[in-house]
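Just so we're on the same page: letters track the sequence lines, and every chain starts at 1.
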Amino acid sequence: MEVLSPYKEATDVILEAGGEPLKLCYQCGLCTGICPWNLVRSFLVRRIMHEAQLGAVDFGSEDVWTCVTCRACVQRCPRGVEIIDVMRAIRRAVAGLGIGVVPDALRISAKNIAGVGNPLGEAPEKRNDWAKDLGVKKFASGTKILYFPCCVPSYDPDVKAVSRSTATIFNKLGIDYGLIGTEAKCCGEAIRKAGHEDTFQSLAQNNINLFTSNGVKTVVVSSPHCYHTFKNEYPELGGKFEVVHITQYLASLIDEGKLKLSKKINKKVIYSDPCYLGRHNEIYDEPRKILQSIPGVELIEFPDARENGLCCGGGGGRIWMDTPKGERFSDIRVEQAVGKGADIIAIACPYCFLNYRDSVLSMGKAETMQVKDIAELVAEAIG
Amino acid sequence: MEEIRIGVYICHCGFNIAGVVNVEEVAKYAATLPSVVISREYRYMCSDPGQDLIKNDIKKLGLNRVVVASCSPRMHEPTFRKAVADGGLNPYLYEHANIREHCSWVHDDKELATKKAKDLVRAAVKRVYRHEPLVVKEAPLNPNVLVVGGGIAGMQAALDIANGQNKVYLVERDPSIGGHMIQLDRTFPTLDCSECILTPKMSDVGHHPFIELFTYSEVEEVSGSIGNFKIKVRKKARHIDESKCIGCNVCEEKCPWKTDSEFEMGLAKRKAVYIPFAQAIPHLAVVDPNLCAYIKSDGKKCGACIKVCEAQAITPETLLKQTDQIVEFDVGTIIVATGYDQFDPSVIPQYGYGKYDNVLTGLHFERMTCAAGPTGGKILLKDGREPERIALVHCVGSRDQNYHEYCSRVCCMYALKYAHLAKELSKADVYQFYIDMRCFGEGYEEFYKRCSEEGVNFIRGKVAKITDEALSDEEKGKLVVISEDTLLGKLVRVPVDMVILCSALEARSDAENVARIFNLNRRADGFFLERHVKLDPVATPTDGIFIAGCCEGPRDIPDTVAQAEATAAKALSLISKGTITTEAAVSTVDESICHGCGRCEEICAFHAPKVASKNGTLVSSINETLCKGCGACAVVCPTGAISIKHFTQDEILAEVAALTEVS
Amino acid sequence: MAEFEPQIVAFCCNWCTYAAADLAGTSRVHYPPNVRIVRVMCSSMVNPLYVLKAFEGGADGVLVAGCHHSDCHYIDGPVKCDATVDKLRKVLHVLGLEDERLRRELVAASEGVVFARIIKEMVEQLKKIGPSPFKVKTEALA
């Protein structure tokens, strides 16, 4: 019989890497019951917590990299255990100390981020090329707003639609905004969750210095992941500026009567809450408000929306890792959207964009189901 | 005049004070103050060796004033007064500085806390310098007792006290006594029928010559203090003539207006005029004014009950004219036993309570298994079928920091009881979802074993979700309970027909108001706070007021009864002594200055000052047994003839001056 | 120059507010150390002279606190105290002391958190309005 003896050193490694909250876990298993992975395959969150408590984590297991950091478990944990912190700590132990295996796909993205400052491995000097023909100015001291689109909308040919739509809206409304120089790098939110703490620290320092030296006061972001780290993690490292998600910004423009949507979009639109906008930062109403302001749009809801919204599967660094068909949360979501009779899945996160785009294509639904960022819909409706 | 010789003692209270306040520095500082003969610091002043320090110093150094700086005077002033008295001094030649509750426990800046401690000690020294010896007197204690709450706790306390031939006023908010316990079917682990063991007690309470029962009534106001509380009770209008109603129930039969019965948890209806349940004490009808058409239409509609009431207990007069009454009486002690509320699980949307018909709470199940209940003791689904599978979900709202962090202590056991009853009363399989089984009481573990033998399925895991979305044929038309089986390390989906949510016990929704009325403290979880969690579990910070049962936190019936009896013992020991020591710090009149203007007489709430002619001039004098020492008379006295012993103007001005002095 | 730290004298009734301050202690609810409490049996015991004495001594603020009106140990002490404080305010006005320097509060024994909040608020407010004019004069003379 296999005998386990608690391995305190392993527990200490996890605790030192920020896994302190695991001490609170009383093994009720609610996290497992809530975790979306168990819709598609077994993933025992509770067991990982207990293994960590006893120093019995299998650092070589793929389970180390499974958590999508969607926060559904943390939100309801009866002991308030910050489970994501524990998962991150285990990953840090693997990535930092080399005591396990980092999946290949993640390793490549991590290398790209550390090397060229974006996960796609694209040339840094091309970061702002998406805006070439739009006449967007470079951010200078005194410019009111910095628009920071995230790496994916900066480089990905499809997702560029998000950044381009945003610039179009801003141009039409005459908003005083600019883009930061191409020295900017990935925000680092996801690579940090994937355990690469040193990389995150250097990215954050780079961006903070860049923003500070340019006199940035307000940043509008397209990605909830940028939003999360700018708002909740950068301040501890000295980066203090106002952070506004594009949906918050557009909703406030609607409130102030500055943004008027006149062109009809006669479609049934279903909105998928991004985990980092919703559960992580409790922004649920603004995206819905914008969609409801578009004439013709019939806004419908997923069976599990808002606090209970299902993750697209792209958080915690999973966006760079391959998820086999049959285990993709976004596939479930697309099916639900079809079931609800939606024409458009509206999203507000570049990672959701990528995952839903892939699901719609691989499921052969591209003819009947569109995936659109809220900024795209606004740009259309602004007329 | 004798030389004033002050001893000052600074307590470390272990690290409680010394961890923040530099006690050595404070003691050194105190030694420099005028008239201070000795200044010491000691680890625990309240310990015997600590008190001996004071006693010895009084004898050896000839101290005639003592200051201790330690915890709150509300905690240990009596201790040190006694030590001073044991040392041979008048106990009032003592002053207390609070450097724990008011200093080390609320500040973390060591330097500023030490400075504050010095200021407080300096003020105490200045004050004690001016203290005079006082004599404590005794006053009679009103032997009558107020018991608030007619559940098992209140009834038990009332009976114990009344059986000793002491008058008890028992005030219950509902139309009948009985509390939550009378709603229960059987009680764990003995499976006694709750009704069978409780109704005799209810009847005893109802007929006891020493118990005056106020049901459908609430205490509105309490004033006064131990020995002499003044109570105001609002007796709500029942809209019937209580002296004539014979409880025949014909009115309820004929009344056409229905609503959910509170007693039956909505599983049955009651009428606009009703007797809450068959064994209700008092067995009187009550009219729900929000439902009665006659009352709502101001006598224009219905009136069915008036026509059928042969006893003429219900008349247009009682329905339309009867109003709430305010009853006033005096008592010496008070027992608060106001019970608990059941946690409303609809705030956990994932459990579907309120959404799915067959997701119920414990109290629903109690009514269902009760032979006299709305289903005649049958466990039935909403559509009348018998369930094939029942799930019991533990820790609903308990042990969960999103709702209540505490363990509700009774749910494990009542869940086992339900499992047993489900097996006894139906053919259903039972699945019990628990996190930890807590079966700590007498016979509890044995009951757990018995249920295991009966074939209950135990699944260790906190339920994540209850849904009617079927993933297989087996799940169709069922409620699916989703949880991790943490012992198997597998996610399980259990299709069942009925789910019982073992809901937490929580503080009454109006506990804040009750706390205000009776001057009680509450814990962060909302329940009333005992004076000391281990050593004074039924007393409260207010002398003469005691708490029993679930108003103090979740507990089972045996613990509740034991606590109720403890409060009765507390009250009885006060009654048996018969007196309370009256305030020595009372008003006094300097007759040479008094003009006899009578302002003191006007302002006093206790009629203590009386102006009368003495040797041909009008002067005021104070009845010291009536005077409570509030000091209001001294403030309004235009000549300054009145002062309060121990709180003289001279003393307080000296204290204030010392506090504002820059040290 | 060090930040101005206001000095507060608080007259607290034994049964409610003093107990509330005790509860703040037992529940470790922290508040600034600028306050010194004088225990009185009832808020109706507070003589206007005591408050004036505190200001004369250099206090920047005075708190007179006791039971809620329905909780009084002595039936109606708070009403009497209210009357005293009302009269006192007029005197303070004549003396040129700002209204905010004298605060009257009802704090029940169960309201430890409320007591701590009041002290915090007072300290903040007094920091804003600055040292008592009496204090400035006394210091100038010295």
### Query
chain A heavy atoms under 4.5 Å from B/Val492: which part of the residue, side chain, backbone, both or neither?
neither
Check every N and O of chain A against chain B and note each donor-acceptor pair under 3.5 Å, with its distance.
from	atom 1	to	atom 2	distance (Å)
A/Tyr26	O	B/Arg460	NH2	3.4
A/Tyr26	OH	B/Arg399	O	2.6
A/Gln27	O	B/Arg460	NH1	2.5
A/Gln27	O	B/Arg460	NH2	3.0
A/Cys28	O	B/Lys462	N	2.7
A/Thr32	OG1	B/Glu484	OE1	2.4
A/Arg46	NE	B/Glu484	OE1	3.2
A/Arg46	NE	B/Glu484	OE2	2.9
A/Arg46	NH2	B/Glu484	OE2	2.6
A/Arg46	NH2	B/Thr486	O	3.2
A/Arg76	O	B/Asn402	ND2	3.2
A/Arg76	NH1	B/Ala464	O	3.1
A/Arg76	NH2	B/Ala464	O	2.8
A/Cys77	O	B/Asn402	ND2	3.3
A/Pro78	O	B/Gln401	N	2.7
A/Asn308	OD1	B/Gln350	NE2	3.3

### Task
With rounding to the nearest 0.5 Å, note down the distance linking CD1 in A/Ile34 to CG in B/Leu491.
11.0 Å
### Task
Answer with side chain, backbone, both or neither: which region of A/Cys77 has an atom nearer than 4.5 Å to a non-hydrogen atom of chain B?
backbone
## Note on the structure
Within residues 323-331 of chain A, contacts to chain B at heavy-atom distances under 4.5 Å involve none
